[in-house]
Undergrad: 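Please find one structure pasted underneath; my questions will follow.
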Amino acid sequence: MTEYDHLKIEAKWQKKWEEEGLFATKENSTNKKCYVLDMFPYPSGEGLHVGHPKGYIATDVYSRMKAMQGYYILHPMGFDAFGLPAENYAIKNKVHPKTAVEKNIARYKEQLSILGFNYDWDREVDTTDPEYYKWTQWIFLQMLKKGLAYQSDEPINWCPSCKTGLANEDVEDGKCERCGTPVEKKAMRQWVLKITDYADRLISDLEGLNWPKSIIESQKNWIGRSEGATIKFPIKTGYNFVILHGFTATPEDDFYKWLKESLEDFGHKVQIPVLPDTNEPTEDGQVSVVMDNVTFDENTVIVGHILGSVVALKVIEKLDKKIAGLVTAGGFVSPNFKDKDRNFKDKFDWNFDFEKIKSNVGFIKILQDINDSAVSVEQAEELANGLGTDIDYVEATGSHFTGSEESTILDAILYNIPVFTTRADTIFSAAFVVLSPEHPLLSDKRFLSMISNREEISNYINEASKKTEIERTDEGKKKTGIEVKGLRATNPADGGELPIWVSDFVLAHYGTGAIFADAHDERDFDMAKLYNIPIKVSIRPDDGKLWEKVEKLEECFSGEGVLVNSGEFDGLKSEEARLKIVEWLKTKGLADKTLNYKLRDWVFSRQRYWGEPIPVIYCRKCWEDTNFKKQEPLRKNIDFVVIDGKEYMIVPVPENDLPVKLPNVESYEPTGTGESPLANISDWVNVPCPECGGEGKRETNTMPQWAGSSWYYLAYIMKGISNNLEFPISKYKEKIDKWQPVDLYVGGAEHATRHLIYARFWHKFLYDLGIVSTNEPFDRLQHVGLIMAEDGRKMSKRYGNVINPDDIVKRFGADTMRVYEMFMGPFDQAIAWNTDSMVGSRRFLERVWKFAGKVTANDKEAINEVDTMMNITIKKVGEDIESMKFNTAISQLMSCLNLLEKQESISQSYFETFLMLLNPFAPHITEELWHQIGHSKSITESFWPSYDPDKLLLDEVKIAVQINGKIRATFTASPSIEKQEMEEKAMSMPEVLRWIEGKKVVKTFHVPGKLVSIVVQ
RNA sequence: GGGUCAGUGGCGGAACCGGUAUACGCGCAACACUUAAAAUGUUGUCCGCACUUCGCGGAUGAGGGUUCGAUUCCCUCCUGACCCACCA
């Protein structure tokens, strides 16, 4: 027998396997498929350490077993090479990212190849390959077409060190996930993907997935769906209202009655004059009735409903004093209706003294129904232009504001502060309203004059905007805030007057950016105590002692209980009260059930070089082209965008012009200005517009790192058809359907809320396009537990504790390393590396090697004990690999070998079985021994052994005897021994008699083939 | 603060659905082989008492409960890891 020379054996078989193309994907068969996928790596400059391959070993073991079980396997590997780490590495080492990535990939492949993986390298993908990213760009374009990709100017997270914007998901604890620098807020034009449209499905489809509970929970938590209500808190004003009704209407119509009552509910005076000749109105007739019958003062607000708006304008024109405001709903200043002519066309003078009107009113609000069937956008624009203000586009319940309740009008009149809450049951204890510093109310022209401490407020807002996320949240429990003096809100439940505060603990981007605060929320409670804002309670906890404290406001109770001080809702439980209160407020037009998500749209642009160019061209000529302008309404940031104050049409790059290649440039360092380095490459930026041929400019932002990995699992499948991924997508449909979904996906838990959400989002989008037929991409997901360094810390170059797989493979062999990593402990658990304990795995393989010498060719009679062991081992190893309990599979193989070694000699068939079971873990040594005992085909082409369920038990088993729960004796018997016989046998044993003598046997139990339990008294 | 998971020898860990806790491996000890060491093999190795043997008692983070029987199920608490975190 020769020495076990791992270097020789491993090199030899790796070469043979490759030459024979043993691991090429075979798919022209009716056999069941199994798609086993690793999260593909990011090829960093440091190469792999021993921790990285752990997951790859697992998928290799799993897929090797599956292949032997007759499945057709897809087990590919590729590289995710765009993004910050590659780029930062390149900048630091002064190599072009492209060169660096090529080098790193080569190094990774070399390191992977010595471990003997069964990857089908023909299907390798590289996200930085233009053939690959043209599809990344293509998917983006499809999103653009569906309105799921849009631009936004909202402030986003900005990393001053990486000099790029970041997605919400890239921020950890207020710091940049890459470099740890605290992120800042920066407003800039950026691309955003509307992942929030998929929020609900991203939660509900988690249901059927075979995923670790922890990931499912973190995804739910990240998406953060919460059901609640939006409740409107009207701002208190001293206004009195004059409502002017429209053509063919009377104040007795439901709509006017409803509007009047709603306003009166909040203590406003309302006048609705009856306008004469409602069916054949004239200007003089209607205006003079108003002038004669209505009183106006500086607090008067006129509400004009459709034709009433025209009357309102004429009235204001005639007034000799100033009134507070004008609100028009469906107003117009020219009688050119969309649908038909109206008989008052010639009875009104369509010339207006807009200057006079403007000087006579404090504020003007123009409402236009987006579905208006009579008044066109041009008419509304004419009105707005005349009055020098903007249009508020709203959706009316009846086209043209003809519903019997039009809550948008009420909103415009009352200036409600909408507030999101999940605890509507606490509304009667609402003590104050808190706005986020970014709340639009604080910069609304209409209110500035009413706020008495304007300067203080704007200082506060200013400071809040300068703070980083960390500073805003890190100050911990201590709240800061400032009262908005001069403005008060009304509690919609009881009409009570509430102060309004601004505080930066209220987040602008969640809910409505405003809350109502009360005694039943820790944060609100703290803030009220800090600033001495009076609060009261409205929920009584069940616990009486607690209630005593809560009632005295000594302690905050934020749980659920029974309502008190809540008018007609007293005595109800929180849960029921919530529903009823929202329903009740809804009838007053002041509340609506709403859903909110913590998930925010995916900020998709990066101001960096090393990423996929966003395939969009901006064209000024297209914008100027009136044909474009006529199409209404053009959606800002979806159809057109404003750059440096000028509008441009957003023109997608045509599919056939893809890929938009990343230009190869000398200087790719980030600019830090918010512009990508691509912006300086004028040859690349300036291109003809594909739509009109005019002067176009390319988008210069690139896509984030997570783009390419959001669909790579499909690219492997597509590679099976054509190495160059060609259009159209329909070419690939059949194969995609065949291999989808991924049956087993293995990777690190750190991707829980990024890659795994993004990929699910893209997959669902592709599902909606009909490109994939499953609604989820990854059926089963397993975590790899980290391998820590021997010192217990993370393995990192920084700590100098990295262990290199090349060294380990050289010293111990790939098979030993594979066995060791699988044997270390539970697969999904983090465990520290320990080179010393590797000898156990090495010894095991050496024993296998030596044991081959004991094998005899002739099949002797089966030895019962060995036979049972083999059957148990086949069963356990198969089941354990299936459920990824590799450590116990190996311990079973070790136990099995221990028993085999005790035998004088062993027949070849036993040994062959053993080799096949060990093969997924240690493919090289088993292949070598397989050939040594006379086989000429690869062991991987043999069939996974099966076991005989009748041979899992020994002829004789040890049976334990328990007396009052304690083991007092054991005896051996056949496993099929009956209860009766078991008991008799037990009772006759002297060790047992000692304990039961003189006592009464009360009860007996038995577990077949295992134990008898006797209870005595 | 919320969520998820875990806590078993000197160490990594095993134990199915409640049925002989400590499998398997590392380490350690003794012995064999050797001039010697390494390697290898054999045996032993949870703790305490007793010890010639049979044996007795205790132990799965702590305390309690359910049960003939609990590492496993329930309650309270302690500790640790990971993820999320002013989300109204």
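Order of the sequence lines sets the chain letters (A, B, ...), proteins ahead of strands, with each chain counted from 1.
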Undergrad: Salt bridge check, A:K850 against A:E901: does any charged N sit closer than 4.0 Å to a carboxylate O?
TA: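 Between A:K850 and A:E901 there is no salt bridge, as every charged N stays at least 4.0 Å from the carboxylate O atoms.
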Undergrad: Roughly how many Å apart are B:rU72 and B:rC51, using the C1' atom of each and rounding to a whole number?
TA: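 The answer is 35 Å between these two C1' atoms.
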Undergrad: Write down the distance between NE2 (A:H755) and P (B:rC83), rounded to a whole number of angstrom.
TA: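 Going from NE2 in A:H755 over to P in B:rC83 covers 18 Å.
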Undergrad: Check for a donor-acceptor pair, side chain of A:T972 on one end and backbone N or O of A:V957 on the other, with a separation under 3.5 Å.
TA: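 No, because the side chain of A:T972 does not come within donor-acceptor range (under 3.5 Å) of the backbone of A:V957.
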Undergrad: Report, as a single string ordered 5' to 3', how protein heavy atoms within less than 4.0 Å touch nucleotides 49-58 of chain B: B base, S sugar-phosphate only, - not at all.
TA: ------SSSS
Undergrad: Of A:I959 and A:N964, whose nearest nucleotide on RNA chain B comes first from the 5' end?
TA: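 Going by which nucleotide is closer to the 5' end, it is A:I959.
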Undergrad: Distance check: side-chain N/O of A:R847 vs OP1/OP2 of B:rU40, anything under 4.0 Å?
TA: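 Answer is no, no contact under 4.0 Å.
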Undergrad: Any donor-acceptor pair under 3.5 Å between the side chain of A:K213 and the base of B:rC5?
TA: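 A donor-acceptor contact between them is absent.
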Undergrad: Quickly work out the A:D880 CG to B:rA23 P distance and round it to whole Å.
TA: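 Rounded to the whole Å, the gap is 17 Å.
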Undergrad: Where the side chain of A:Q829 is concerned, which of B:rC68, B:rG13, B:rG25 is the nearest nucleotide?
TA: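 Looking only at side-chain atoms, A:Q829 lies closest to B:rG13.
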Undergrad: Contact class for A:V434 vs. all strands (heavy atom < 4.0 Å): base, sugar-phosphate, or nothing?
TA: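 Counting heavy atoms under 4.0 Å across all strands, no contact is made by A:V434.
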Undergrad: Could you check whether A:S214 gets within reach of a base, just the sugar-phosphate, or nothing at all, counting any heavy atom under 4.0 Å?
TA: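 Touches sugar-phosphate only.
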Undergrad: Taking atom C1' in both B:rG10 and B:rC5, compute the distance separating them and give it to the nearest angstrom.
TA: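 Rounded to whole Å, the distance is 26 Å.
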Undergrad: Just N and O in the side chain of A:N887: are any of them under 4.0 Å from OP1 or OP2 of B:rA14?
TA: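 True: A:N887 side-chain N/O within range (under 4.0 Å) of B:rA14 OP1/OP2.
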Undergrad: Between A:K794 and A:N801, do the side chains contain a donor N or O and an acceptor N or O under 3.5 Å apart?
TA: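 No, no side-chain donor-acceptor pair sits under 3.5 Å.
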Undergrad: Going by the rule side chain to side chain donor-acceptor pair (under 3.5 Å), which residues pair with A:Y947 if we only count those two or more places apart in sequence or in a different chain?
TA: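 Listed in chain order: nothing, the list is empty.
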Undergrad: Would A:R225 and A:Y597 count as a cation-pi pair here, with the cationic atom under 6.0 angstrom from the ring centre and within 45° of the axis?
TA: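 No, A:R225 and A:Y597 do not form such a contact.
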Undergrad: Could you tell me if A:T426 and A:D518 have a donor-acceptor pair between their side chains, going purely by distance under 3.5 Å?
TA: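 There is such a pair between these side chains.
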Undergrad: Give the nucleotide from the list B:rA88, B:rU40, B:rG19 with an atom nearest to the side chain of A:R843.
TA: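 Taking heavy atoms from C-beta onward, the closest nucleotide is B:rU40.
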Undergrad: Cut-off 3.5 Å, side chains only: do A:T230 and A:T594 have a donor facing an acceptor?
TA: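 Yes, a side-chain donor-acceptor pair sits under 3.5 Å.
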Undergrad: Closer than 3.5 angstrom, by distance alone: can the side chain of A:H439 be matched with the main-chain N or O of A:L441 as a donor-acceptor pair?
TA: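 Side chain of A:H439 to backbone of A:L441: a pair is present.
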Undergrad: Roughly how many Å apart are B:rG9 and B:rC46, using the C1' atom of each and rounding to a whole number?
TA: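 One C1' to the other, the span is 5 Å.
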Undergrad: Out of B:rC24, B:rA88, B:rC68, which has the shortest distance to the side chain of A:V1015?
TA: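 Among B:rC24, B:rA88, B:rC68, the one nearest the side chain of A:V1015 is B:rC68.
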Undergrad: Taking B:rA14 as the reference, what is the distance to B:rU67 when you measure between their C1' atoms (whole Å, please)?
TA: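 It comes out at 25 Å once rounded to the nearest Å.
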Undergrad: Any pair with a residue in residues 815-838 of chain A that passes ring pair (Phe, Tyr, Trp, His ring centres under 6.0 Å), sequence neighbours left out, goes on the list, sorted by first then second residue, please.
TA: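 Sorted result for residues 815-838 of chain A: A:Y820-A:W833, A:F827-A:F886.
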Undergrad: Can you check B:rC77 for me, syn or anti if syn means within 90° of 0?
TA: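 Base orientation: anti.
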Undergrad: Which listed nucleotide (B:rG13, B:rC68, B:rC24) is nearest to the side chain of A:Q962?
TA: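 The answer is B:rC68, which lies nearest to the side chain.
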Undergrad: Which value, in whole Å, describes the distance between the P atoms of nucleotides B:rG61 and B:rG7?
TA: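 Looking at atom P only, B:rG61 and B:rG7 are 7 Å apart.
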Undergrad: For the P atoms, the ones on B:rC77 and on B:rC86, what distance do you get once it is rounded to whole angstrom?
TA: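 Looking at atom P only, B:rC77 and B:rC86 are 26 Å apart.
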Undergrad: Under 3.5 Å, is there an N or O donor on one side and an acceptor on the other linking the side chain of A:S1013 and the base of B:rC68?
TA: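 Check passes, donor-acceptor contact within cut-off.
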Undergrad: Can you tell which of B:rG12, B:rC86, B:rU4 lies closest to the side chain of A:D504?
TA: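 Comparing B:rG12, B:rC86, B:rU4 against the side chain of A:D504, the answer is B:rC86.
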Undergrad: When the C1' atoms of B:rU71 and B:rG19 are considered, how many whole Å apart are they?
TA: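 Rounded to whole Å, the distance is 13 Å.
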Undergrad: Which of these nucleotides, B:rG13, B:rC16, B:rC68, is closest to any side-chain atom of A:K1010?
TA: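 Of the candidates, B:rC16 comes closest.
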Undergrad: Is a donor-acceptor contact shorter than 3.5 angstrom present between the side chain of A:E522 and the base of B:rG1?
TA: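 In this structure, the two groups form no donor-acceptor pair.
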Undergrad: Any donor-acceptor pair under 3.5 Å linking the side-chain atoms of A:S226 with those of A:Y510?
TA: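 Present: a donor and an acceptor within the cut-off.
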Undergrad: So which nucleotide from B:rU40, B:rG25, B:rC26 ends up closest to the side chain of A:K850?
TA: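 Nearest to the side-chain atoms of A:K850, counting from C-beta on, is B:rU40.
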Undergrad: Of all the choices, B:rA14, B:rG19, B:rG2, which nucleotide is nearest to the side chain of A:V1007 once you look at every atom?
TA: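 The listed nucleotide nearest to A:V1007's side chain is B:rG19.
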Undergrad: Answer yes or no: does atom CZ of A:R811 have more than 12 heavy-atom neighbours from other residues, nucleotides or ligands under 6.0 Å?
TA: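 Result for CZ/A:R811: open.
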Undergrad: Starting at atom NE2 of A:H783, determine the distance to atom P of B:rC83, rounded to an integer number of angstrom.
TA: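 Checked: the NE2 to P distance equals 11 Å.
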Undergrad: Has A:F1005 got its ring stacked on B:rC68, by the test of a centre gap below 5.5 Å and a plane angle below 30°?
TA: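 Yes, the aromatic ring of A:F1005 stacks with the base.
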Undergrad: In dot-bracket, 5' to 3', how would RNA chain B read with Watson-Crick or G-U wobble pairs under 3.5 Å, [ ] for crossing ones and | for pairs to another strand?
TA: (((((((..(((......[....)))((((((.......))))))((((.....))))..(((((..]....))))))))))))....
Undergrad: With rounding to the closest Å, how many angstrom separate the C1' atoms on B:rU40 and B:rA50?
TA: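 Roughly 38 Å separates the two C1' atoms.
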Undergrad: Which part of the nucleic acid, if any, lies within contact of A:D524, taking any heavy atom under 4.0 Å across all strands shown: a base, the sugar-phosphate backbone alone, or nothing?
TA: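 Contact class for A:D524: none.
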Undergrad: Rounded to whole angstrom units, what separation is found between the CD1 atom of A:I231 and the C1' atom of B:rA88?
TA: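 Result: 11 Å.
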Undergrad: Counting just side-chain N and O atoms, does A:N221 come under 4.0 Å of either OP1 or OP2 of B:rU4?
TA: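 Checking A:N221 against B:rU4: no side-chain N or O falls below 4.0 Å of OP1 or OP2.
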Undergrad: In whole angstroms, how far is the C1' atom of B:rC5 from the CG atom of A:D828?
TA: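 It works out to 9 Å between those atoms.
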Undergrad: By the rule that syn is within 90° of 0, classify the base conformation of B:rG25 as syn or anti.
TA: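 Classified anti.
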Undergrad: Using heavy-atom distances to pick each residue's nearest nucleotide on RNA chain B, tell me which of A:S841 and A:G965 is more 5'.
TA: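 Counting from the 5' end, the first nearest nucleotide belongs to A:S841.
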Undergrad: Tell me what A:I831 touches on the nucleic acid: a base, only sugar-phosphate, or nothing, going by heavy atoms under 4.0 Å.
TA: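 Sugar-phosphate, backbone atoms only, no base.
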Undergrad: Counting side-chain heavy atoms from C-beta on, which of B:rA88, B:rC84, B:rG3 comes nearest to A:S226?
TA: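 From the listed options, B:rA88 comes nearest.
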Undergrad: Nearest-Å distance, NZ (A:K876) to P (B:rA23)?
TA: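 One finds 15 Å between P of B:rA23 and NZ of A:K876, rounded.
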Undergrad: By salt bridge (charged side-chain N to carboxylate O under 4.0 Å, His left out), which residues pair with A:R843, not counting sequence neighbours?
TA: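 None.
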Undergrad: Just the rounded figure in Å: distance from P of B:rA85 to CZ of A:F505.
TA: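 In whole Å, B:rA85 P lies 18 Å from A:F505 CZ.
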Undergrad: Contact class for A:P826 (heavy atom, under 4.0 Å): base, sugar-phosphate, or nothing?
TA: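 Sugar-phosphate only.
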Undergrad: Considering residues at least two apart in sequence or located in another chain, which fulfil the ring-ring contact (aromatic ring centres under 6.0 Å, His included) criterion with A:F233?
TA: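 For A:F233, the residues satisfying ring-ring contact (aromatic ring centres under 6.0 Å, His included) (neighbours in sequence not counted) are A:F516.
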Undergrad: Which of the following nucleotides, B:rU4, B:rG27, B:rU20, is nearest to the side chain of A:V839?
TA: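 For A:V839, the side-chain atoms sit closest to B:rG27.
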Undergrad: Expressed in angstrom and rounded to an integer, what is the separation of A:F886 atom CZ from B:rG12 atom P?
TA: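 A:F886 atom CZ is separated from B:rG12 atom P by 22 Å.
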Undergrad: Would you please say whether a donor-acceptor pair under 3.5 Å links the side chains of A:D170 and A:W706?
TA: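 Note: A:D170 and A:W706 side chains meet the donor-acceptor criterion.
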